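The chain is numbered in sequence order, starting from 1. Model, not experiment: these values are computed from the prediction.
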Amino acid sequence: MPASSIEPVDLLDLKLLPAWVNEQKNYAHYQGDEGGPVERGSMHRRRGRDRPSRKAKPPRVFKKTGEGDRRFPARRGQDRQEKDRRQPVGVVASQVAVHFLPRGPAVENVAAQIKSGSVAYSLFALARLFLEKPERYGVRLAAKPESPLYQLGESGAISPDQQFLESNAFRFAIEDFYKVDITQSDPIKGNFSNVARCKLSGTLLGPTNHHDYQRRLRNLYEQRFSRRMSFADYQRQVEIVNDPAAVEQWKEEARKVTTLTTVREETPATFASAAEAERHFRQNYLPGLIRTAQEIAIDGVLSRRLPDRALHRVIEDAWTLETRSPSKIMQELTGKFREAGLNIFRHRRGMLFVSPIRARPLVQESAAVSSAVSAILEALRARPGINRKELAEKLIVDLSGEELERTKLALASDLHWLVGEGYVIEFNDGSLDLPRTKAKPPVEAVAAPTAGDGPIATATDVKELAGLTESRITEEAEIGGG
């Protein structure tokens, strides 16, 4: 997908969210879904988990009709072969790993917006923002060596099933090899009182006594339903409609005559039917067209239109899981934001944030600050998470007139300096807080004991210090010392 077609990401939308700081969990050591049904749009478990658990249903995914957020298309109605169709999905899921990657232009757009201000954004919320629309991310499919992926040409349809790709290659690649022209023939003559219709797709097949009925029935089955059910089962999905309007609609559709002309030959050849063109395709183009690959990268829009149902379902399930807990795409964003010169840091409960300013605690004992600055720091230390208005109401009391305005300007100036230097963090939802301070390990408690040095460290003291040191090393390694 060209960079010009990628929709810009507006970070202003995040300011309209509720207090997501209170909704997140620590995903630094996330190892998989924690289980249990999850409400749509919430990260909290349902109540009443002490009651006998029922089998969890797969999350429903809806398709919006308007513009904006376009999620995976909703699944169609199930038929009696649904149980048999689930097994290939499990096989494909065990053979193909799905990774979601933020697209470069979208990352650059977000980084530029973050740099233009001074507020910090939740990396968790940003990761979900990238996953909301397929234009903002790409998908990397990695297969095992013993079960590679198959693709038509360099950018055609993808499937882990070579036979499926060969059987449907003409339908997938018809526009790349043939020019399709549709014309109108003479009106169909004859009186018909009913017409056959496919209940699964709504396609009108024509009267059962029409000479073209069997061909249309077989073609529709081969193209859309052959992998889902037998031909006998499909015939039971055909109904007879006694509706004059449906008969007239079929007559208009049946008047369409389709011709196909080759576009890759010096002397173009024209075929009067799709069946003739398909025979030509299989003889001249199909051999050597299908290639194998261990890893294929596609854009997010294409990942939602894959013709292979099993692979499409695997990507959909991976997207649902990643949207719930976007730890992998958060790691990708961390690296890209650092390359853009942004700072990644942890705050309360170990949550990750990105900011154009490096957060650092102000040590008042070693820095000479005014009483007004000290009052701001003390207010934030006593009540973290307040906004600018609440801070002003707390610090400015019993003033009026020009004195009130001067005090407000002085407070805004001091707060601007504190935020700009990283001594105070202003989050994108308007809340203010002090940077997290790292606890100093009690080095004296574990020093080698000598005569007259005082109490000797116990085994418990050494174990607690080792755990603290390991935790700090792990934290710094994960965020690169940010």
Atom NE2 in H312, atom CG in D317: separation rounded to 0.5 Å?
10.0 Å
How about K179: does its NZ atom have over 12 heavy atoms from other parts shown lying under 6.0 Å from it?
no
Do D308 and I158 come within less than 4.5 Å of each other through their side chains, counting heavy atoms only?
no
Considering the options L289, L152, I290, which one meets the side chain to side chain contact (heavy atoms under 4.5 Å, CB included) requirement together with E166?
I290
Do the non-hydrogen side-chain atoms of V98 and V139 ever get within less than 4.5 Å of each other?
yes
Could you tell me whether a side-chain N or O of R264 sits under 3.5 Å from a main-chain N or O of D176, the two making a donor and an acceptor?
yes
To the nearest 0.5 Å, tell me how far F172 CZ sits from N168 CG.
4.0 Å
With no hydrogens and no angle check, just 3.5 Å: does a side-chain donor-acceptor pair link S327 and S325?
no
Is the shortest side-chain heavy-atom distance between R291 and E154 below 4.5 Å?
yes
Roughly how far, to the nearest 0.5 Å, is CZ of R305 from CG of L302?
6.5 Å
E390 side chain to N387 main-chain N or O, any donor-acceptor pair under 3.5 Å?
yes
For D161 and S159, test the side chains for any donor-to-acceptor distance below 3.5 angstrom and give the result as yes or no.
no
Might you point out which heavy atoms bring P148 and P145 nearest each other, and give the distance in Å?
CD-O, 3.9 Å
Any donor and acceptor pair, going by atom type alone, linking the side chain of S122 with main-chain N or O of A125 inside 3.5 Å?
yes
Could you give the distance from CG (L306) to CG (L141), rounded to the nearest 0.5 Å?
7.5 Å
Show the numbers, then the answer: is there a side-chain contact (heavy atoms from CB on, under 4.5 Å) between F345 and S355?
CA-CA 8 Å; F345 65 94; S355 171; 3.8 Å; yes
Can you spot which of L205, L204, N209 makes a side chain to side chain contact (heavy atoms under 4.5 Å, CB included) with P207?
N209
Worked verdict on S201 versus R224 for side-chain contact (heavy atoms from CB on, under 4.5 Å)
CA-CA 9 Å; S201 63; R224 302 188 57 176; 3.5 Å; yes
Under 3.5 Å donor-acceptor, Q151 side chain and T292 backbone:
no
Taking atom types as modelled and ignoring hydrogens, do the side chains of N219 and R216 form a donor-acceptor contact shorter than 3.5 angstrom?
no
Quick one, T203 and R197 - any side-chain contact, counting heavy atoms below 4.5 Å?
no
Under the 3.5 angstrom rule, does the side chain of R360 hit a backbone N or O of E421 as a donor-acceptor pair?
yes
Exercise: identify the closest heavy-atom pair between V314 and A93:
CG2-N, 3.7 Å
Cation-pi check, R282 onto F170 ring (under 6.0 Å, within 45° of axis):
no
Donor-acceptor check, side chain of W319 to backbone of L131, threshold 3.5 angstrom: yes or no?
yes
Determine whether L432 and I425 make a side-chain contact, defined as any pair of heavy atoms from C-beta on separated by less than 4.5 Å.
no
Using a cut-off of 6.0 Å, state whether more than 12 heavy atoms not belonging to E146 lie near its atom CD.
yes
Charged N-O contact under 4.0 Å between R388 and E426
yes
Take the angle between the ring planes of F281 and F177 and call it parallel below 30°, perpendicular above 60°, tilted in between.
perpendicular
Hey, mind stepping through E295 and R140 against side-chain contact (heavy atoms from CB on, under 4.5 Å) and telling me if it holds?
CA-CA 7 Å; E295 187 173 300; R140 186 176 67 234; 3.0 Å; yes
Within the 4.5 Å heavy-atom criterion, are L342 and I114 side-chain neighbours or not?
yes
What do you reckon, is CD of Q184 surrounded by more than 12 foreign heavy atoms closer than 6.0 Å?
yes
Please report the C-alpha distance between K199 and E239 in whole Å, then the side-chain angles of each, then the deciding distance to 0.1 Å, and finally whether the salt bridge (Lys or Arg N to Asp or Glu O under 4.0 Å) criterion is met.
CA-CA 7 Å; K199 293 189 292 185; E239 62 180 351; 5.5 Å; no
Could you check whether any side-chain N or O of Y213 sits under 3.5 Å from a backbone N or O of A196, counting only pairs where one atom can act as donor and the other as acceptor?
no
Report yes if some heavy atom in the side chain of V354 is under 4.5 Å from a heavy atom in the side chain of N343; otherwise report no.
no
Going by the angle between their ring planes, with limits at 30° and 60°, are F271 and H280 parallel, tilted or perpendicular?
tilted
L129 backbone acceptor or donor facing R136 side chain under 3.5 Å:
yes
Against the six-membered ring of Y137, is R103 placed for a cation-pi contact (under 6.0 Å from the centre, within 45° of the normal)?
no
Would you find a donor on one side and an acceptor on the other, under 3.5 Å apart, between the side chain of E322 and the backbone of I329?
yes
Taking the ring centre of each residue, are F353 and F427 less than 6.0 Å apart?
yes
Determine the interplanar angle of the F231 and Y234 rings, folded into 0 to 90°, and report it as parallel if under 30°, tilted if 30 to 60°, perpendicular if over 60°.
tilted
Spacing of CD belonging to E252 relative to CD belonging to E248, to within rounding of 0.5 Å:
7.5 Å
Say you draw a straight line from CG of L286 to CZ of R279; how long is it, rounded to the nearest 0.5 Å?
15.0 Å
Are any of the side-chain heavy atoms of L333 and V107 separated by less than 4.5 Å?
yes
Distance-only side-chain donor-acceptor flag, D233 / S230, under 3.5 Å:
yes
Kindly say whether K144 contributes a backbone atom to a donor-acceptor pair with the side chain of Q294 at under 3.5 angstrom?
yes
Could E339 and K336 be called an ion pair, given the rule that one side-chain N must be under 4.0 Å from one carboxylate O?
no
When you look at V247 and N194, which way does the side-chain contact (heavy atoms from CB on, under 4.5 Å) test go after all the steps?
CA-CA 6 Å; V247 174; N194 54 55; 5.5 Å; no
Are there over 12 heavy-atom neighbours, none belonging to K251, within less than 6.0 Å of that residue's NZ?
yes
